[in-house]
Every structure is written in C-alpha cells, then in structure tokens.
Amino acid sequence: MVIELFDYDAELSRYNVRLRAVAGVGPADRVLDIGCGTGQTTRDAARSAPSGSALGVDVSRPMVDRARALGAEEGIRNVSFERADAQVHPFAPEGFTLGLSRFGTMFFTDPVAAFTNIGRALRPGARLVQLVWQAYHRQEWSTAIRQALAADRMAPAGHGHGAFSLADPTVTAGVLTAAGFTAVEITEVREPIYYGPAAADARDALFELRMVQELVAGLDAAATARALDRLLVMLDAHDTGAGVWFDSSAWLVTARRGPAGKASVGSCLPHAGNRLTLGRGGHPVADVEKRGDDHPEPSPPGEAQPRHVQQHVDQRREREEHDSEQRPDPGVEGRVDQRRPGDPDDEQAEPREDPTDDRE
Ligand SMILES: C[S@@+](CC[C@H](N)C(=O)[O-])C[C@H]1O[C@@H](n2cnc3c(N)ncnc32)[C@H](O)[C@@H]1O
C-alpha cells in the first residue's frame, strides 16, 4: 500500500535554499536532522559531508521509511534514518557537529527537555540551525485556509497547536537558553510556499494536513461540500500560472551548544549574549536581554498582547512602514524577497511529488 505523504520538499523548496545557505554543512560534519520527514535535508547534508555523515530522525514511521528508500535510491552511503522521538531519544552524547531542522522542532511536548536532549547529542560549540514558523496570523496559507474552511462557523480552538509553538522569538530564545544553548540569533525569512500545480491538486495535498482535516471534522455532508467549494475557489485565486503559492513567514534560528554541563533547565530567560535580528535590512526587533515575561503566547491581531510582544509588533510595523517609504518601486523588493514561481524572473520553481502532514 502506498501511503500518501505531504510533500514538504515541494512546499518548502524556497526555504530549503535559505536553510542550506545558513547551515553551511562542511565536508567532515556529522549532522543530526531533527524531524527530518522524508529526509531531503538529511540527504543534502550527507552529500555536503562526504567524509562525515548525516542522521535523520522522525517520529513518523512512514516518513522514515520513505526517507530510507530515497536515500538508498539515490545511493547515498553516509546517510541514515531512525524512527525516534528527538525529545527523549538516547542519542550518542556529543555525537554530532551540527544540528539541523526544517520545521521539525515545533512539536515537542516539553521543548526545554527536547532541546536539552538535542544539546547533549551535539558537541560543545556545535551549531543548531532551524527554521520554525512565525505566528499563524503571519501566514497567508494558514489564514486563507482557515477562512475558506471555517467561514460560516467558529474555527476550532487553537491556532495550529505545535506548528506555531516557536513563533515568539523571545520564547524560543528562552527555551534554547534554558536548554544550554548560547549565541541564539533569530532572523526573519519570508518565502512563498507551494501546494500544487493547480487548485484541485493543492486541495488534495492540503487534505493530508491535520489542520485541514480538523477544520472539516464534524461538518455534515452539505457543509463539507460548501467548505470544499470555498477552498477550491480560494486556491484557484492563488494559482500563479506556475502553481498554487502562498506567502509565509518563518524564523531562522541559530544557536550554539554551550559548554558541557551548562544547561540551566528551569530558566526561560534568554542568555545575555543572545541577539535577535529581524529580516531585510536587519532592523532590530527586540532587546530580549531586557525582557522578563516567561512563555508569552503569540496573540492574534487585535487581542491584547504582553507589553514586549506589543513592542515587537510596533517595531515591525514601523519597520514595514519605513521599508515601504524607502522602496522606490514596491515591485522590486517584492521580487527580490518574495518572488512567486511563475513570476517572469523566477528560476526556482520545483515540481512536487505526493503529499501528509501533521501540521497541526
Ligand atoms: C513539518 S514536518 C517537516 C519535515 C521535514 N523536516 C521537512 O522539512 O520535510 C515536521 C516533522 O517533524 C516530525 N516530528 C514531530 N515531532 C517530532 C519529535 N518529537 N521527534 C522527531 N520528529 C518529530 C513529524 O513527524 C514531521 O515529519
């Protein structure tokens, strides 16, 4: 039986380029890829580390099976995959020189414990490079899908469970610091994501996502049909002529495993050496060293925000206003940072295979 798996490689092709550039896997690196899915990032890392190796771990058996099959098909000898919960798996201590993750670290039930465990697997000083989603309301895909499917009723509670758990940079920096990481840097990355060559393919692909399944769960047949019609119309409106694309916003999070024995589980305050940077132009968003709130939840627009999150939002708004005033031709920057494949100057459109997601 062929299990349909959500095609993250197609969805995240633009982000993959960004992750690879920052990860800079070296020829002798021993790479740990966390929540590796079907293993594209692990295989890429293994290819870049001919005298090293790459291990991908994922809790999903079908994902790991597919990753192994693809690794074998591509004849990559220094890549391996294990079905494992990265939060608790007993990795070889200090067995890796680089940790990587493309949207695979947002689903831990105890993030500090998970990153502490991952830290133990890394050599002191080793880098951890991750991509994580920004808040759900910063995601065109999330808001558009939710609106299409839940337009005539209240959306189910929760804004995507784990998928946005690291959306607040202050929280992320705090978690990593508490887990013994230092030199945390968090930078905004905005890239379009791809759901299929046409609206119907995108709809079918999206049905592999738990978020989408949950939005239609409990609807009767007529309401489901209406929701699907709205989804199709919405997806069609996002068909660029070169596939269905949505804007999205992520954080690229880099950190170093601190010296052995320095994990300070329990504290969620960022390390004094941590730095947050934001996006294009490098406008600083936050001075995390001055903040004290623990684990604020990212809030939807219009809801009351904790003071420092509000500051963050205000600074972002100022930055965006400043950017738009400075921009001679709004189209130019759009093409540079947020090209959609199908735009005349686009070179990176990639095909997709088959689609699953536990995106929640
Ligand atoms: C959004 S997908 C990304 C997959 C892959 N990194 C990619 O970019 O193609 C998140 C992945 O994290 C995995 N995952 C979630 N929790 C995990 C955990 N505790 N340990 C290992 N993998 C986990 C899921 O099974 C899923 O494959």
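Start at 1 with the first residue, then count along the sequence. In each ligand, atom 1 is the first atom listed, and ligand 1 is the first ligand listed.
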Legend entry - Within-cut-off N or O pair, Q87 and ligand 1, under 3.5 Å: no
Inset, instruction - May I ask you to check if ligand 1 and F107 share an N or O to N or O distance below 3.5 Å? - result: no
Legend entry - Electrostatic pair D44-R20, nearest N-O below 4.0 angstrom: yes
Inset, instruction - Counting heavy atoms only, name the option from D33, D58, L131 that's nearest to atom 11 (C) of ligand 1. - result: D58
Legend entry - Nearest option to atom 12 (O) of ligand 1, as decided by whichever heavy atom of G35, A114, A67, G56 sits closest: G35
Legend entry - Atom pair CH2/CD of W133 and Q139 - distance to nearest 0.5 Å: 5.5 Å
Inset, instruction - Supply the atom-to-atom distance R120 CZ to F91 CZ, rounded to the nearest 0.5 angstrom. - result: 11.0 Å
Distance filter under 4.0 Å to [X] heavy atoms, resulting ligand 1 atoms:
{"X": "D85", "value": "18 (C), 19 (N), 20 (N)"}
{"X": "L12", "value": "8 (O)"}
{"X": "F108", "value": "18 (C), 19 (N)"}
{"X": "F103", "value": "1 (C), 2 (S), 3 (C), 10 (C)"}

Legend entry - side-chain contact (heavy atoms from CB on, under 4.5 Å) partner of L206, chosen from L235, D201, L215: L235
Legend entry - Side chain, backbone, both or neither: C36 near ligand 1, heavy atoms under 4.0 Å: backbone
Legend entry - A84 contact mode with ligand 1 (heavy-atom cut-off under 4.0 Å): backbone
Inset, instruction - Verify whether the ring centers belonging to Y195 and W245 lie closer than 6.0 Å. - result: no
Inset, instruction - Kindly state whether the ring of Y194 and the ring of F246 have centres lying under 6.0 angstrom apart. - result: no
Inset, instruction - Indicate whether the side chain of E188 and that of Q134 have a donor and an acceptor atom separated by less than 3.5 Å. - result: yes
